[in-house]
Amino acid sequence: MNYVFQNPDKVMVGVRGEVGNRLFLLQIREGRRLVIVKCEKLQLSALAEWLSQVMSTLGRPTNLPDDFNLEPEYESDFVAGDIAVAINEEAQTIEVTFESADDGDDTLELTLTKEWAGGLAIAVTRLVEAGRPLCPLCGGPLDPRGHDCPRTNGHRPPIR
């Protein structure tokens, strides 16, 4: 199925679950239509980084939306695979395409204003930073149950 959102009413991002075992979701609402995409933390983090870089091309947004909270329904429509980002400088918009990681032909084509893009980048960055701290040696997430750091080769625990 191909979901197309040219002028979304709301873009939402959030997590379900505990730190270290979180489910990252992206919800897009336009009128009565709602699409929910399950994403990996690294996918959303890379998207936020891209959106931040693109903002310098389009110029500073005026009023950023601040409500990115998920709606109660969170059964995902598909799992994100490849994500593509394109700039439409003439329309001053950013086009983001999410392709399904599964064998299905699901895609989400999302057109974001620079205001939605800037707000989404900030919301995603906050979500990612609220997760587990990173190991100072390997950069991997520190797990409260223990962390087998590949840089120590099993000889000593990582510095906290």
Side-chain angles (χ1 to χ4, degrees), residues 2-101 106-136 138-144 147 160:
N2 189 22
Y3 305 99
V4 178
F5 290 85
Q6 295 290 339
N7 190 20
D9 299 323
K10 192 169 181 188
V11 178
M12 301 152 282
V13 64
V15 295
R16 299 285 188 233
E18 298 175 11
V19 174
N21 192 25
R22 298 187 296 173
L23 172 67
F24 287 80
L25 298 171
L26 179 72
Q27 294 178 338
I28 297 88
R29 174 163 299 283
E30 188 173 276
R32 295 181 56 179
R33 294 185 323 144
L34 175 69
V35 171
I36 304 169
V37 181
K38 179 183 173 228
C39 300
E40 293 293 329
K41 178 172 91 172
L42 291 176
Q43 288 175 311
L44 288 177
S45 181
L47 176 62
E49 189 175 321
W50 256 98
L51 292 176
S52 298
Q53 290 176 3
V54 168
M55 297 310 294
S56 63
T57 304
L58 294 179
R60 209 172 164 96
T62 52
N63 295 327
L64 296 178
D66 58 357
D67 181 17
F68 287 88
N69 295 324
L70 293 176
E71 293 184 7
E73 181 180 340
Y74 61 92
E75 183 69 33
S76 64
D77 292 297
F78 68 94
V79 176
D82 292 336
I83 301 173
V85 181
I87 305 169
N88 184 336
E89 290 186 40
E90 185 177 314
Q92 292 284 295
T93 59
I94 300 166
E95 297 165 5
V96 184
T97 304
F98 295 83
E99 294 182 6
S100 175
D106 294 327
T107 60
L108 166 63
E109 296 176 20
L110 175 61
T111 302
L112 297 172
T113 62
K114 58 185 176 181
E115 288 76 20
W116 274 115
L120 182 61
I122 291 169
V124 167
T125 302
R126 286 180 180 155
L127 277 179
V128 170
E129 289 177 354
R132 296 177 286 178
L134 299 179
C135 173
C138 71
L142 289 173
D143 195 328
H147 171 68
R160 293 193 192 254

- request: Any chance you could measure L127, atom CG, to R22, atom CZ, to the nearest 0.5 Å?
  value: 6.5 Å
- request: Output the distance between atom CZ (R16) and atom CZ (F24), rounded to the nearest 0.5 Å.
  value: 12.5 Å
statement: Heavy-atom nearest pair, T111 first then E95, reads OG1-CG, 4.0 Å
query: Quick one: side-chain hydrogen bond (donor to acceptor under 3.5 Å, both in side chains) partners of D66, sequence neighbours excluded?
result: none
Atom pair CD/CD1 of E89 and I94 - distance to nearest 0.5 Å: 10.5 Å
query: Taking only residues two or more places apart in sequence, or in another chain, which ones meet A48 in a side-chain contact (heavy atoms from CB on, under 4.5 Å)?
result: A121, V124, T125
- prompt: Between C39 and L26, which heavy-atom pair has the shortest distance, and what is it?
  reply: SG-CB, 4.3 Å
query: If you draw a 6.0 Å radius around NZ in K41, do more than 12 non-hydrogen atoms from other residues or ligands fall strictly inside?
result: yes
Let me have the donor-acceptor pairs involving side chains of residues 78-88, under 3.5 Å, with sequence neighbours excluded, atom names and distances please.
from	atom 1	to	atom 2	distance (Å)
N88	OD1	E90	N	3.3
N88	OD1	A91	N	3.1

- request: To the nearest 0.5 Å, tell me how far K114 NZ sits from L64 CG.
  value: 11.0 Å
query: Any chance CZ of R126 has more than 12 other-residue heavy atoms, nucleotides or ligands included, within less than 6.0 Å?
result: no
message: If you apply the rule side-chain contact (heavy atoms from CB on, under 4.5 Å), what do you find for D77 with D106, and how did you get there?
response: CA-CA 9 Å; D77 292 297; D106 294 327; over 6 Å; no
- request: Taking side-chain contact (heavy atoms from CB on, under 4.5 Å) as the test, write out the residues that go with S45, two or more places apart.
  value: V128
task: Check the pair I28, F98 against side-chain contact (heavy atoms from CB on, under 4.5 Å), reporting the backbone distance first and the verdict last.
output: CA-CA 12 Å; I28 297 88; F98 295 83; 5.7 Å; no
field: L34: side-chain contact (heavy atoms from CB on, under 4.5 Å) partners, not counting sequence neighbours
entry: M12, Q27, R29, I36, E71, E73
- prompt: Are any of the side-chain heavy atoms of E30 and V35 separated by less than 4.5 Å?
  reply: no
- request: Indicate the atoms forming the closest heavy-atom contact of P8 with L110, along with that distance.
  value: CG-CD1, 3.8 Å
task: Quick one: closest heavy-atom pair of W116 and P65, and the distance?
output: CE3-CG, 3.5 Å
field: With N2 via side-chain contact (heavy atoms from CB on, under 4.5 Å) - residues at least two apart
entry: V4, T107, E109
message: Please check if the number of heavy atoms outside Q92 that lie under 6.0 Å from its CD is greater than 12.
response: yes
query: Is R33 positioned over the aromatic face of Y3, cation under 6.0 angstrom from the ring centre and no more than 45 degrees off axis?
result: no
